[in-house]
Every structure is written in C-alpha cells, then in structure tokens.
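This report concerns only the one structure given below.
Worth saying up front: this structure is predicted, and the values here are computed from it rather than measured. In what follows, residues are counted from 1 in the order of the sequence shown.
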Amino acid sequence: MTHVVVIGAGQAGSSLVAKLRNGGFTGQVTLIGEESVPPYQRPPLSKKYLLGEMELERLFLRPEAFYAENDIDMHLNETVESIDAAAKTLRAGGKDIAYDELVLTTGSVPRRLPAAIGGALEGVHVVRDLKDVDAMAPEFTEGKRVLIVGGGYIGLEAAAVAASRGLQVTLVEMADRILQRVAAPETSDYFRSLHEGHGVKIIEGVGLDHLTGEGRVSGAKLTDGSELDLDFVIVGVGITPASALAEAAGVEIDNGIKTDEQGRTSVPNIWAAGDCASFPYKGNRIRLESVPNAIDQAEVVAENIMGAGKDYVAKPWFWSDQYDVKLQIAGLNTGYDTVVTRAGEGNSVSFWYYKGEELLAVDAMNAPRDYMIGKRLIEGGKSPAPAMIADPETDMKALMKL
C-alpha cells in the first residue's frame, strides 16, 4: 500500500490530503504539523481572530474529526528532524517513518529583527501563526503606543487593526513609499491616505536603527535620529520559505524548494507545494505567497501523486482587508510600464497595470466588478486598450467579448 507523508499542516498540507481522499486515493496518508491545533486559516488571525470576533474552532479549515473520518493519520505538535531521501524515511517524534511519496508543504517563516538591534526584547512581535497572535492580543488595548516596522500588506493590516482598536500607531517603512515592492505609486497613495485618515502616522524613507528597553521594549530610534516612546512593536518585514529541512535532505533550492511544472523536486518521490515551493511560470521561476496558490498547487500535486501527469498553471490572485476597504489583486504586475486608473464611486477605484499593450494585473479597491472582469481578461490572455479602461463610459462587461 502506497504511503504518502505530508510535512506541514497548513493550508497546502490540508488541501493536499483532502484532495487525495476526495480523488479516491486508498493508500496510507500521514499529515505532520508542528502546531498543536489542526490546519487553520491564517488571514483572519491578524484581523477577526485578533479582534475577538472569531473563535478558534472557526479558524479550522476542516473540523478536527474530518481527518480521522477520512483515515488521515494526523500528527500534531511534532517536528520532523530529518529526511533520509535514499532510505525514503524521515525522523519525527523520536521514531523513523517510512514513506513512498513525501510532500513538503512547510510554508514560510517570518523575518525577525536581529537581537543586536533589540529584536529579542519582550513586546516585539511578528504576525504569522496562532501563537504569535495569541501573544500579542493582550497588547491591543486603547491608547497603547505601537510601532509597526514594515509597510507591506502585513504591516498595513496590523496597523488597521491597531488603529481600529484606538491605539496610537506609527508605521515606519525604509523604502521611499509603502507597498513599493508590490504595487504602483497609485496604490501606495491610496493606502497612505486611507491610514492617515484613521490616525496612523506613516514615516517613509526612514528605517529602524534600534529598539530600546531593559528586557522589554520601551522605545525606538529611527535612522533619521528621531526617537519614539513605545509600548510594543509589530514586525512585518516579509517572510522566507521554510526550506532548511529540504536543503538538508539534498533537495535543490532556488527561491524556495525548486519544483518542476508538476510539483516534483530534484529528489525522486519528494514533492513540494505552497509558500515554500518555487515553480516555472511564463518562462520565469516564481514563488507565490497566497492562500489560492497553496490550495491550487497542493491539489495538482495530489492529482499527480495519483498519476494525473498534470502541469500546475498558476492564476495569481490575492486580497487584503484594511478598515472598510477590500483590496483584490489579479495577476502579477512584474515589468509594468503604465498604470491606468478607473475611478468608481466613493473610495472605489481600480488600477490596471500594462506592459505596452498587454494587461498584466489589476489592483481593485472596493471594486469587485473591476476585479472579476480584470481577472477573467488576464486569465484569458485578453488586453483591452488602456483608453477603454480609463473611459468611465466603457461597458466593462462588453470587454469580455473581445
């Protein structure tokens, strides 16, 4: 009987084992996770869960009973120490587990501030898993002073929750503008205005020099020489793929665990999916840090373990919730040279990224219709003329017939 072992009990791992069973796989399935709870949703952690609006059980991707009912052997609170690819075994919980097919869905880990600049002080938090959010939840009381380090989506979402709870929020971004790595200036301007309207102080083009405090953080000095008095800090400076276990096993690493079009790594019988895995995409190699990618890629790997021989064709999309704004992103804007603005009513607007005449991506703020149409156009390889997008009289539905 074929034994599939999945290391990493997150969105990708849970999706993969469910797909195996739903697809008729009758072999042995083992899911190993380091946390003490079943696989859960991460996006609500720093929003509804942190605000006390969602109970722990509602975070679970599937009821805990699902795994036993589907004959999935779930090992929680267990760390895989090593993989012996030649012997097709792994060591976890003090014992060796043999596998026929091994899937790495190990996810990613948050970047932390170096201890040398105060990163190890009490009151310095990252936002990644349940224990991170449980640790910071008591800090979110009205009037407290918080510094957010990093102006990407994680930092901005944390700032939105803190400001909504009545905290005094300062966000510092070392780059020239927030969201510089992932979005056009137009999107940066939109969210800067949104946050400042909610009382967040945003400082751009200035970095963190170091944190101060005896045992617990009490302040910060910035690279422009200014100083802040603080109660706590949230660090949102990105994540890195959790690829150390794979690398130690001899698996090739290239911006995460390198996989082919079907999810195979460089080592026979070892696959990878989700945040930890890079894969071919339009002549390049990319890694997508998103829930949709974790689900879709993991399901394709499950199908291929069952013999489908199917290539994974990514359809990138993302979202972010901040205050009363839902940002929805379709496509990847890499290489864009033009941004076209399509204004809506109130705070609704969408920004359309073009490279020459080719539509690459759409950022839609409270504009779900623009997002859905843009997503279908991009996935269908269709590119309306930029002037049509900018024209408020254009019938957007008609664009689908191009």
Side-chain angles (χ1 to χ4, degrees), residues 1-35 37-43 59-76 78-80 83 85 88 90 92 97-108 129 241-243 245-246 249 251 256-265 267-279 287-315:
M1 181 185 293
T2 301
H3 184 195
V4 177
V5 178
V6 181
I7 303 175
Q11 182 77 66
S14 177
S15 299
L16 195 142
V17 297
K19 186 68 173 180
L20 285 173
R21 287 302 188 226
N22 293 340
F25 181 75
T26 57
Q28 187 178 355
V29 177
T30 300
L31 177 64
I32 304 174
E34 291 187 336
E35 296 187 69
V37 294
Y40 57 85
Q41 307 171 65
R42 292 188 189 274
L59 285 177
F60 295 165
L61 292 165
R62 293 168 176 84
E64 189 165 3
F66 167 87
Y67 301 93
E69 290 168 357
N70 286 274
D71 196 21
I72 296 165
D73 186 12
M74 185 164 62
H75 297 218
L76 298 178
E78 191 161 283
T79 300
V80 175
I83 298 167
K88 291 170 64 173
L90 58 89
I97 300 173
Y99 65 83
D100 295 296
E101 304 290 342
L102 178 65
V103 190
L104 303 173
T105 56
T106 46
S108 53
D129 59 25
S243 55
L245 183 66
V251 176
I257 301 170
K258 183 179 181 180
T259 69
D260 66 11
E261 292 85 352
Q262 297 187 5
R264 295 181 184 84
T265 72
V267 174
N269 308 105
I270 300 182
W271 313 68
D275 282 8
C276 66
S278 68
F279 57 91
R287 189 171 53 81
L288 292 178
E289 300 164 358
S290 74
V291 169
N293 175 70
I295 296 170
D296 295 346
Q297 191 177 20
E299 290 187 346
V300 168
V301 169
E303 291 180 63
N304 288 336
I305 287 172
M306 294 185 283
K310 181 178 178 181
D311 287 354
Y312 173 54
V313 181
K315 298 177 179 178

Is there a side-chain contact (heavy atoms from CB on, under 4.5 Å) between Ile305 and Val103 once you walk through the steps?
-> CA-CA 10 Å; Ile305 287 172; Val103 190; 3.6 Å; yes
May I have the step-by-step check of side chain to side chain donor-acceptor pair (under 3.5 Å) for Thr30 and His3, ending in yes or no?
-> CA-CA 8 Å; Thr30 300; His3 184 195; 2.7 Å; yes
Apply side-chain contact (heavy atoms from CB on, under 4.5 Å) to the pair Leu102 and Ile7, showing each step before the final yes or no.
-> CA-CA 8 Å; Leu102 178 65; Ile7 303 175; 3.8 Å; yes
Chi angles and distances behind the side-chain contact (heavy atoms from CB on, under 4.5 Å) call for Phe66, Leu61 | CA-CA 10 Å; Phe66 167 87; Leu61 292 165; over 6 Å; no
Could you go step by step and tell me if Ile257 and Thr106 meet the side-chain contact (heavy atoms from CB on, under 4.5 Å) rule?
-> CA-CA 10 Å; Ile257 301 170; Thr106 46; 4.2 Å; yes
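Phe25 has its side chain within reach of Thr2: a pair of non-hydrogen atoms, C-beta onward, lies under 4.5 Å apart. Using a 4.5 Å cut-off on side-chain heavy atoms (C-beta onward), Ile295 and Glu299 make contact. A heavy-atom distance below 4.5 Å is found between the side chains of Pro39 and Met74. Side-chain contact check for Gln262 versus Val300: every heavy-atom pair is 4.5 Å or farther apart. Side chains of Ile32 and Ile97 form a contact here, defined as non-hydrogen atoms less than 4.5 Å apart. Asn304 has its side chain within reach of Trp271: a pair of non-hydrogen atoms, C-beta onward, lies under 4.5 Å apart. Pro38 has its side chain within reach of Leu76: a pair of non-hydrogen atoms, C-beta onward, lies under 4.5 Å apart. Side-chain contact check for Tyr312 versus Asp296: some heavy-atom pair is nearer than 4.5 Å.
A donor-acceptor distance shorter than 3.5 angstrom exists from the side chain of Thr105 to the backbone of Gly8, with no hydrogens or angles considered. No donor-acceptor pair under 3.5 Å is formed between the side chain of Ser243 and the backbone N or O of Ala246. When atom types are taken as modelled, the side chain of Asp275 and the backbone of Pro241 share no donor-acceptor pair closer than 3.5 angstrom. The backbone N or O of Gly256 lies less than 3.5 Å from no partner atom in the side chain of Arg287, so there is not a single donor-acceptor pair. No donor-acceptor pair closer than 3.5 Å links the side chain of Thr265 to the backbone N or O of Thr259.
Between Met306 and Leu20 the shortest heavy-atom distance is SD-O, 3.9 Å. Nearest heavy atoms, Gln297 versus Ala272: NE2-O, 4.4 Å. Nearest heavy atom pair, residue Ala12 against residue Ala273, reads CB-O, 4.1 Å. Scanning all heavy atoms of the two residues, the minimum distance from Val267 to Ala85 falls at CG1-CB, 3.7 Å. Scanning all heavy atoms of the two residues, the minimum distance from Asn293 to Leu288 falls at ND2-O, 3.2 Å. For the pair Phe279 and Ala314, the tightest heavy-atom approach, listed with the atom from each and the gap, is CE1-CB, 3.7 Å.
A side-chain N or O of Ser14 and one of Tyr67 form a donor-acceptor pair less than 3.5 Å apart.
Between the NZ atom of Lys88 and the CD atom of Glu101 there is a distance of 6.5 Å, given to the nearest 0.5 Å. A distance of 10.5 Å separates OG1 of Thr79 from CD of Glu35, quoted to the nearest 0.5 Å. Put simply, OG1 on Thr26 and CG on Asp71 are 10.0 Å apart, with the number rounded to the nearest 0.5 Å. Rounded to the nearest 0.5 angstrom, Ile83 CD1 and Leu245 CG are separated by 4.0 Å.
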